[in-house]
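Since the structure comes first, as structure tokens, the remarks are kept for the end.
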Amino acid sequence: MAAGLSSDRRREVLERIRRIPEGHVTTYGDLSPGAPRFAGQVLSACHDPSVPWQRVVRADGSLAKGDRQRRLLEEEGVRFRGSRVDMDSFSVPGDALR
DNA sequence: GCGTTGACTGGAA
DNA sequence: TTTCCAGCCAACG
């Protein structure tokens, strides 16, 4: 379909975030390969409660929203290593969301 | 149509 | 190990 809705790119990113399993996280790079900043811009503009934005973290496991985000992730069972997410066990490949 | 901005990334110091 | 710099794409004014 022509799909002239609000930029398919933006919706594509949001849709992937919804596919992140509870208790797991993914990186901006996996949401939008080549344009990770775009993913961040999308989230900042999208205040949709159905979008688990807290499951999106930086490539190094650090959090963009700091303590507030950390607390939500711990509620889901995501474990931390210092101030960063244990990416070795909870990171999900972008291919798995696609 | 151009320049700026952004919840970023990878490599170098 | 941490900190700094330049690059990247898409949206917005």
Side-chain angles (χ1 to χ4, degrees):
Chain A
M1 315 212 293
L5 272 90
S6 25
S7 316
D8 291 340
R9 305 283 184 201
R10 186 169 74 181
R11 204 174 66 185
E12 183 177 315
V13 171
L14 294 172
E15 195 163 329
R16 286 187 180 181
I17 298 174
R18 289 177 203 178
R19 295 181 189 184
I20 304 173
E22 189 175 301
H24 288 73
V25 298
T26 194
T27 67
Y28 295 90
D30 287 341
L31 292 176
S32 184
R37 303 188 61 169
F38 172 62
Q41 196 173 38
V42 172
L43 278 177
S44 63
C46 184
H47 302 76
D48 191 319
S50 65
V51 178
W53 57 269
Q54 59 254 37
R55 294 175 190 163
V56 185
V57 302
R58 289 182 179 162
D60 64 343
S62 59
L63 305 179
K65 272 307 193 185
D67 185 58
R68 179 152 67 102
Q69 183 175 6
R70 174 172 181 163
R71 178 158 161 184
L72 289 169
L73 289 173
E74 290 185 308
E75 293 278 322
E76 296 188 358
V78 177
R79 300 203 182 177
F80 282 70
R81 188 180 293 176
S83 353
R84 300 189 193 174
V85 179
D86 185 355
M87 299 298 284
D88 294 317
S89 300
F90 299 99
S91 63
V92 179
D95 184 48
L97 303 174
R98 184 180 64 72

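We use all heavy atoms of the structure for the numbers below, so side chains are in, but hydrogens, waters and symmetry mates are not. This one's a predicted model, so the numbers in the text were calculated from it and none came from an experiment. Order of the sequence lines sets the chain letters (A, B, ...), proteins ahead of strands, with each chain counted from 1.
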Please report, to 0.1 Å, the donor-acceptor pairs under 3.5 Å made by any side chain of residues 33-47 of chain A, with sequence neighbours excluded.
| from | atom 1 | to | atom 2 | distance (Å) |
| --- | --- | --- | --- | --- |
| A:Ser44 | OG | A:Gly40 | O | 3.3 |
| A:Ser44 | OG | A:Gln41 | O | 2.6 |
| A:His47 | ND1 | A:Ala45 | O | 3.4 |

Output side-chain donor-acceptor pairs under 3.5 Å for residues 77-86 of chain A, partner residues at least two apart or in another chain, one line each.
| from | atom 1 | to | atom 2 | distance (Å) |
| --- | --- | --- | --- | --- |
| A:Arg81 | NH2 | A:Asp86 | OD1 | 3.4 |
| A:Asp86 | OD1 | A:Asp88 | N | 3.3 |

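Rounding to the nearest 0.5 Å places NZ of A:Lys65 at 14.0 Å from CG of A:Leu73. Taken from CZ in A:Arg10 to OG in A:Ser32, the straight-line distance is 13.5 Å, to the nearest 0.5 Å.
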* Asked: Reading nucleotides 6-13 of chain C 5' to 3', which nucleotides get B (base under 4.0 Å from a protein heavy atom), which S (sugar-phosphate only), which -?
  -> -B-SBS--
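Side-chain contact between A:Arg98 and A:Arg19: absent, with no pair of heavy atoms (C-beta onward) separated by less than 4.5 Å. Residues A:Arg18 and A:Asp48 meet the side-chain proximity criterion, which asks for heavy atoms closer than 4.5 Å. Residues A:Val57 and A:Met87 have side chains in contact (heavy-atom distance under 4.5 Å, counting atoms from C-beta outward). Here the side chains of A:Tyr28 and A:Val56 are in contact, with some heavy-atom distance below 4.5 Å.
One N or O on the side chain of A:Arg16 and one on the backbone of A:Leu31 form a donor-acceptor pair closer than 3.5 Å. For the pair A:Gln54 (side chain) and A:Gln69 (backbone), a donor-acceptor distance under 3.5 Å is absent.
Taking 4.0 Å as the cutoff to heavy atoms of chain A, we find the contact window on DNA chain B bounded by B:dT5 to B:dG10.
Between A:Thr27 and A:Ala59, the shortest heavy-atom contact is CG2-CA, 3.8 Å.
Within residues 47-76 of chain A, no residue has a heavy atom under 4.0 Å from DNA chain C. Using a 4.0 Å cut-off on heavy atoms, none of the residues of residues 81-98 of chain A approach DNA chain B.
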* To do: Test A:Arg70 against A:Asp67 for salt bridge (charged side-chain N to carboxylate O under 4.0 Å, His left out), laying out the working first.
  => CA-CA 5 Å; A:Arg70 174 172 181 163; A:Asp67 185 58; 5.4 Å; no
